[in-house]
Amino acid sequence: MTDEKRSGLVPFDLHIHDLDFLVSVLGAPQSVKTARAKRPDQDSLSALYEYDGAFTSAESAWYAPKVPFAATFRFQFEKAAVIFDGQKLTAYEIDGATRDLSAGGQEESGVIHFPKTDAYADEIAYFADCVANSKPVDKIKPEELKTVLDILKAF
């Protein structure tokens with residue numbers, strides 16, 4: 001994992017997943033600002049992506065001490081914030097309401113409950129199925145892949 005020529009380190013091992021999601025949802029950013037602390041025993045990357053009238057940031061890191069892996073996110077909207085804390089997806093609405101959007105959350109009309117999955121295992125299973133059955137990978141568009149790789153290569 002620490003051989004940059006073989007793994008690509010944090011940009012290509014971790015951050016690629018964040019950036020792939022951002023580009024698939026928001027398109028190519030107008031600008032990218034990054035900060036990176038790269039040492040032989042750890043690698044940390046923070047990126048700020050600017051879009052028309054909005055921005056998003058993402059952080060990815062390998063630490064020298066044994067720190068458990070965690071994948072979390074926060075989205076801020078005009079009338080709510082949606083937060084995934086690694087276990088539960090919750091919407092915090094401007095009127096004070098809190099809604100559990102996780103699988104098994106309280107059923108409500110008009111609320112989407114996302115299934116609980118293992119995204120990493122799902123990604124590997126999808127790719128393995130494509131290889132085993134000689135099917136093209138169609139979950140990412142070639143122009144999105146080019147955008148992601150061009151951005152990562154600039155780090």
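- Between Asp13 and Trp62, the side chains place a donor N or O and an acceptor N or O closer than 3.5 Å (distance only, hydrogens not considered).
- Salt-bridge formation is not detected for the pair Glu123/Lys139: no Lys NZ or Arg NE/NH1/NH2 atom is positioned less than 4.0 Å from an Asp or Glu carboxylate oxygen.
- Nearest approach of Pro65 to Gln42, heavy atoms of both residues: CD-OE1, 3.9 Å.
- In this structure, the side chains of Ser46 and Glu59 come closer than 4.5 Å at one or more pairs of heavy atoms.
- Atom CG of residue Asp18 and atom CG of residue Leu45 lie 9.0 Å apart, to the nearest 0.5 angstrom.
- The CZ atom of Arg74 sits 9.0 Å away from the CG atom of Asp85 when rounded to the nearest 0.5 Å.
- A donor-acceptor pair is defined here as one N or O able to donate and one able to accept, closer than 3.5 Å; no such pair exists between the side chain of Ser134 and the backbone of Cys130.
- Note on Tyr92: it does not cluster hydrophobically with Ile94, by side-chain heavy-atom contacts below 4.5 Å among ILVMFWY residues.
- Around CZ of Phe77, the count of heavy atoms belonging to other residues, nucleotides or ligands within 6.0 Å exceeds 12.
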Requested in this report: Kindly indicate, with the supporting measurements, whether the criterion side chain to side chain contact (heavy atoms under 4.5 Å, CB included) is fulfilled by Leu9 and Lys38.
Outcome: CA-CA 9 Å; Leu9 300 180; Lys38 181 177 150 188; 3.8 Å; yes
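- Heavy atoms only, all atoms of each residue included: Asp52 and Gln30 are closest at N-OE1, 3.4 Å.
- Val67 and Val10 fall into different hydrophobic clusters, where Ile, Leu, Val, Met, Phe, Trp and Tyr are joined by side-chain heavy atoms under 4.5 Å apart, directly or via other members.
- The structure places CD of Gln76 at 10.0 Å from CD1 of Ile83, a figure rounded to the nearest 0.5 Å.
- Contact of the Leu89 side chain with the Val82 side chain is registered, since non-hydrogen atoms from C-beta on lie closer than 4.5 Å.
- Applying the 6.0 Å contact sphere to CZ of Phe21 captures no more than 12 heavy atoms from other residues, nucleotides or ligands.
- Summarising the geometry of Phe155 relative to His15, their closest heavy-atom pair is CE1-CD2, 3.7 Å, with the distance given to 0.1 Å.
- Between Asp43 and Arg39, none of the side-chain N atoms (NZ, or NE/NH1/NH2) sits under 4.0 Å from a carboxylate O, so this pair counts as no salt bridge.
- Side-chain contact check for Tyr126 and Asp138: at least one donor-acceptor pair (N or O, by modelled atom type) lies under 3.5 Å.
- The hydrophobic clustering, which links ILVMFWY residues whose side-chain heavy atoms are closer than 4.5 Å, places Phe12 and Leu14 together.
- Residues Val148 and Leu19 share a closest heavy-atom pair of O-CD2, 3.7 Å.
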Report task. Kindly indicate, with the supporting measurements, whether the criterion side chain to side chain contact (heavy atoms under 4.5 Å, CB included) is fulfilled by Val32 and Thr34. Result -> CA-CA 7 Å; Val32 179; Thr34 62; 3.8 Å; yes
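- Annotation for Ala64 and Asp41: closest pair CB-OD2, 3.4 Å, computed over non-hydrogen atoms.
- The closest side-chain heavy-atom distance from Pro29 to Ile151 is below 4.5 Å.
- Leu48 and Val23 fall into different hydrophobic clusters, where Ile, Leu, Val, Met, Phe, Trp and Tyr are joined by side-chain heavy atoms under 4.5 Å apart, directly or via other members.
- Between Lys79 and Glu93 no salt bridge is recorded (no basic side-chain N to carboxylate O distance below 4.0 Å).
- Side chain of Asn133 to backbone of Asp129: a donor-acceptor contact under 3.5 angstrom is found.
- Summarising the local packing, CZ of Phe73 is surrounded by more than 12 heavy atoms from other residues, nucleotides or ligands at distances under 6.0 Å.
- Counting heavy atoms from C-beta outward, Ile16 and Leu152 have side chains that approach closer than 4.5 Å.
- The two residues Leu101 and Ala91 make their nearest non-hydrogen contact at CD1-CB, 3.9 Å.
- Transitive grouping of hydrophobic side chains (ILVMFWY, heavy atoms separated by less than 4.5 Å) brings Val25 and Phe75 into a common cluster.
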